[in-house]
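Right, one structure below, let's go through it.
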Amino acid sequence: MSELSKRVHQIMPSSTVGIADKAARLKLQGHKVIDLSAGRASEHTPEYICQAATNAIRSGDTHQTMARGKVEFRKACAIKLSRDNGITADPDSEIIATMGVKQGLTLALLATINPGDEVIIEDPCFVSYYPLITVAGGKGVPVPLKPENNFRWTQEQLLGAISEKTRAILFNSPHNPTGTVHSPEDLEMIARVAIENDLFVITDEVYEHVTWDGHQHTCLAGLPGMKERTISAMGLTKTFSMGGWRIGFAFAPERILKEMVKLQQHLLTCAGSFTQTGAAAAFENPPLPEVIKLWEKWDWRITMFIDGLNKIPGLKCKKPEGGFYGWVDISETGMTSQQMTDKLLDEAKVTVVPGASFGENGEGYIRVTCVKSREDLMEALSRIEDVLN
Ligand code: GLU
């Protein structure tokens, strides 16, 4: 039999998607699983967005769009960038519709990486970064995020990771899995390092609106000197509970965007047509009261769930500054993150993600999604407590 692709063979399956699939299979078999693995909120997409997409599909918006996306969608993205991020973007040359943020990141990596190039990533980081960099022919260089530094990089760490092969920095803020939201000072440091070393920066901003307790997201591309070297991957999956729509966009300098569009022509032709129309309705106006209410509800549930986890002996967890996740320190239990994950599945029928799958520095933690229904969260707390007691 001929050999398969070495690049693909060497990457690990996605623990987030893989465990969520496993939970779905168990549910189909009748098991009462509470799935806290993938970051999928229990709420549906707000009605006015669904309505816009439904109207679109009924009125014949069922055809392929331009590879870079519909003009209306790209204009709505530019309105959103100006209103929410203080950035002026040209919808014709600097924005592309993508099928979710992961696809935006993939296009960004394929457009900027040459074989052997290094990309600096966080450790722990979102489970797909290392594999996507590998498939693009590059090498992920993990730089630790330490709890004593509030899961932030220092300038010394970043500078220490740069070699002559470094091409880009890829990071996520608000951060999955630790919940860190980079302050303007954190971003200025990253910008300084990128400019001084002539690096691209790829930013994953999918959690931008879900920040808590006064923390606020800042877009790196808006900092002086950064627009020309930053590719911002943005989306609606998390903030508007639109995970199943597979729609997002990337904002990049024209010369990079052109390359991404070329790839899009070959990979997908374009993002979905009526999903772009629905997403445009979400971006055109500031978030409506029903969306704000949704975020407030999540804030409350995250606080409630994390308080509950902290009452269980052996578990320690800070409320995230942003994002959906509890990053739970399990070191006092003496179990590895995989052992804890297996135990919770086997004995409590609760699925979580082992910290080690986010990188070496994730060992000693598990990640739990906190934006599930109140009933599921209460039941999960009670089952976890029973098992760990
Ligand atoms: N991004 C989410 C997570 O980290 C959803 C699953 C995925 O796309 O990997 O759980």
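Every number for a ligand or one of its atoms is a count from 1 in the order of the listing. Worth knowing before you read on, the calculation uses all heavy atoms, side chains too, and leaves out hydrogens, waters and symmetry mates. Predicted, not measured: the structure shown is a model, and the values here were computed from it.
If you check each of Lys102, Arg367, Arg40 against atom 4 (O) of ligand 1, the one with the closest non-hydrogen atom is Arg367.
Salt bridge Lys75/Glu72: absent, no basic N to carboxylate O contact under 4.0 Å. Taking 4.0 Å as the cut-off between side-chain N and carboxylate O, Arg374 and Glu43 do not count as a salt-bridged pair. Taking the charged nitrogens against the carboxylate oxygens, Lys139 and Asp117 have no contact shorter than 4.0 Å, which rules out a salt bridge.
The neighbour count for Lys22 NZ, taken as heavy atoms of other residues, nucleotides or ligands under 6.0 Å away, does not exceed 12.
No side-chain donor-acceptor contact under 3.5 Å links Asn310 and Lys318.
Among the atoms of Gly39, some N or O lies under 3.5 angstrom from an N or O of ligand 1. Note: no N/O pair closer than 3.5 Å links Ser14 and ligand 1 by distance alone. Backbone and side-chain nitrogen or oxygen atoms of Ser128 are examined, and none is located within less than 3.5 angstrom of a nitrogen or oxygen of ligand 1.
Each side chain to side chain donor-acceptor pair (under 3.5 Å) pair with one or both residues in residues 348-362, not counting sequence neighbours, appears once here: Ser15-Ser357, Asp35-Thr351, Asp123-Asn361, Lys146-Asn361.
Residue-ligand proximity, Thr16 to ligand 1, at heavy-atom distances under 4.0 Å covers atoms 3 (C), 4 (O), 6 (C), 7 (C), 9 (O), 10 (O). Listed by number with element, the atoms of ligand 1 under 4.0 angstrom from any heavy atom of Phe126 are 1 (N), 4 (O), 7 (C), 8 (O), 9 (O).
Taking atom 5 (C) of ligand 1 as the reference point, the nearest protein heavy-atom neighbour is Lys238 NZ, 3.4 Å.
Contacts between Tyr325 and ligand 1 below 4.0 angstrom, taking non-hydrogen atoms only, involve the side chain exclusively. Contacts of Thr237 with ligand 1, taken as heavy-atom pairs under 4.0 Å, are absent altogether.
Geometrically, Arg367 engages Tyr325 in a cation-pi contact, judged by NZ or CZ lying under 6.0 Å from the ring centre and within 45° of the ring axis.
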